[in-house]
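The structure appears below as structure tokens.
Predicted model only: the values in this text are computed from it and were never measured. Letters go in sequence order (proteins before strands), and every chain restarts at 1.
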Protein chains: 2
Amino acid sequence: MNFNLAMEKLKSEGFKRTPSREAILRLLEREDRYLSAGDVRKALAEKHPKMSQDTVYRNLSSFSEMKILEETELGGERKFRMHCDRHGHHHHFICMECGRTEKLDICPMEQVTLALPSFIIDDHKFEVYGQCPDCCTAG
Amino acid sequence: MNFNLAMEKLKSEGFKRTPSREAILRLLEREDRYLSAGDVRKALAEKHPKMSQDTVYRNLSSFSEMKILEETELGGERKFRMHCDRHGHHHHFICMECGRTEKLDICPMEQVTLALPSFIIDDHKFEVYGQCPDCCTAG
DNA sequence: GAGTAAATCGTAGTCATTCCGAATTGGAAA
DNA sequence: TTTCCAATTCGGAATGACTACGATTTACTC
């Protein structure tokens, strides 16, 4: 998803267009990796010094609920990135050095649903952690 | 892993046998599902009212480090369960109602390592969330 | 049984996140 | 364009999980 699509989605869901929301979404579009609320605040501190934490947290949660963002929980923090909606269902490799993500199309959920016939399955999480090629050589 | 094996492991790593550690490990053996530090404190409150949070957190972390426990992060909390060491590498289905877990032998990591030849892969997480058969009918 | 390092206690501190009342503002309606 | 109001934001306080730390107690060795 890109910035313009995200703004359309916001409008269609009855949300207002505010400078805070524009700045947060522009940042996430540019970074293309998982950022925490704190990361967002730091990155916007210069151009938006008065943006409160409440605003950052509330908007990130809203965006995540309406699927503009993808969300995960890592190292005791909630982290967010732009939703990859050009592709179907997918997961990510996450570089623990730089935060870079790599899309993975592999998902074993078909086998899981077959293996658990009497269970209701609502959700799942599949994430791979390590170092990306850039950080392998750098470290 | 069971209580006795866990106590052996503690001894072999030079840890002392204390009433706190016994109580925590007995509880986790009995429950056989993911518990948070808070869950542990509540469950032990009657018989061990003076056990401090420091003791609970420190011991859960130690046990996790030495692979007596398995650990995950769920709903903003660290959760722990006895390590399933009779079986090889595995993952879990986790019931969001009662916390019951079901072992999954399915894991797609071979395909992932093939798909990411120039990445260093250190770890991964694969969890499935939903309702177990008991909670399906109850809910 | 005495000595010592480990473990625990009680409490205070940290950090991410949420809550809340007051002030501001985007955007529809007049 | 101006008015208006619910949505949004701000600032700061509150919450909750987790960690840190000095003082005290305890498990284990000799």
Output yes when at least one side-chain N/O atom of [X] is less than 4.0 Å from OP1 or OP2 of [N], else no.
X	N	result
Arg78(A)	dT17(C)	no
Arg21(B)	dA7(C)	yes
Thr55(B)	dC9(C)	yes
Ser52(A)	dG11(D)	no

Where Cys107(A) and His89(A) come nearest, the two heavy atoms and their spacing =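 Smallest heavy-atom distance, with atoms named: SG-NE2, 3.4 Å.
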Distance in angstrom units between [X] [atom1] and [N] [atom2], rounded:
X	N	atom1	atom2	result
Glu13(B)	dA7(C)	CD	P	12 Å
Lys11(B)	dA27(D)	NZ	P	14 Å
Gln53(A)	dG11(D)	CD	P	11 Å
Asn59(B)	dT8(C)	CG	P	5 Å
Met7(B)	dC28(D)	CE	P	8 Å
Leu10(B)	dC28(D)	CG	P	10 Å
His48(B)	dA7(C)	NE2	P	18 Å
Tyr57(A)	dG11(D)	OH	P	17 Å

request  = Counting heavy atoms from C-beta on, name the nucleotide in dA17(D), dG27(C), dA16(C) closest to the side chain of Lys16(A).
outcome  =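 Output: dG27(C).
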message = Side chain of Lys50(B), heavy atoms from C-beta onward: which of dG27(C), dA16(C), dG10(C) has the nearest atom to it?
response =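 It is dG10(C).
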If you look at every strand shown and take non-hydrogen atoms under 4.0 Å, does [X] touch a base, only sugar-phosphate, or nothing?
X	answer
Pro49(A)	nothing
Ser36(A)	nothing
Arg58(B)	base

ask   = Should the pair Phe126(A) and His124(B) be assigned to parallel (<30°), tilted (30 to 60°) or perpendicular (>60°) ring geometry?
value =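 Perpendicular: the ring planes of Phe126(A) and His124(B) meet at over 60°.
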ask   = When only distance counts, do a donor and an acceptor, one from the side chain of Asp54(B) and one from the base of dC21(D), lie under 3.5 Å apart?
value =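 Answer is yes: a donor-acceptor pair is held.
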task = In plain terms, say whether Lys103(A) and Asp105(A) are close enough for a salt bridge, that is, a side-chain N and a carboxylate O under 4.0 Å apart.
result =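 Between Asp105(A) and Lys103(A) there is a salt bridge, with a charged N closer than 4.0 Å to a carboxylate O.
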task = Flag the pair Arg100(A) and Glu102(A) as a salt bridge only when some basic side-chain nitrogen lies within less than 4.0 angstrom of an acidic carboxylate oxygen.
result =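 Looking at Arg100(A) and Glu102(A), the cut-off is met.
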ask   = Of Glu70(A), His91(A), Arg81(A), Arg33(A), which meets side chain to side chain donor-acceptor pair (under 3.5 Å) against Thr101(A)?
value =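 Only match with Thr101(A) under side chain to side chain donor-acceptor pair (under 3.5 Å): Arg81(A).
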query = In terms of the nearest nucleotide of DNA chain C, which residue is placed more toward the 5' end: Phe15(B) or Thr18(A)?
reply =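 Looking at the nearest nucleotide for each, Phe15(B) comes out on the 5' side.
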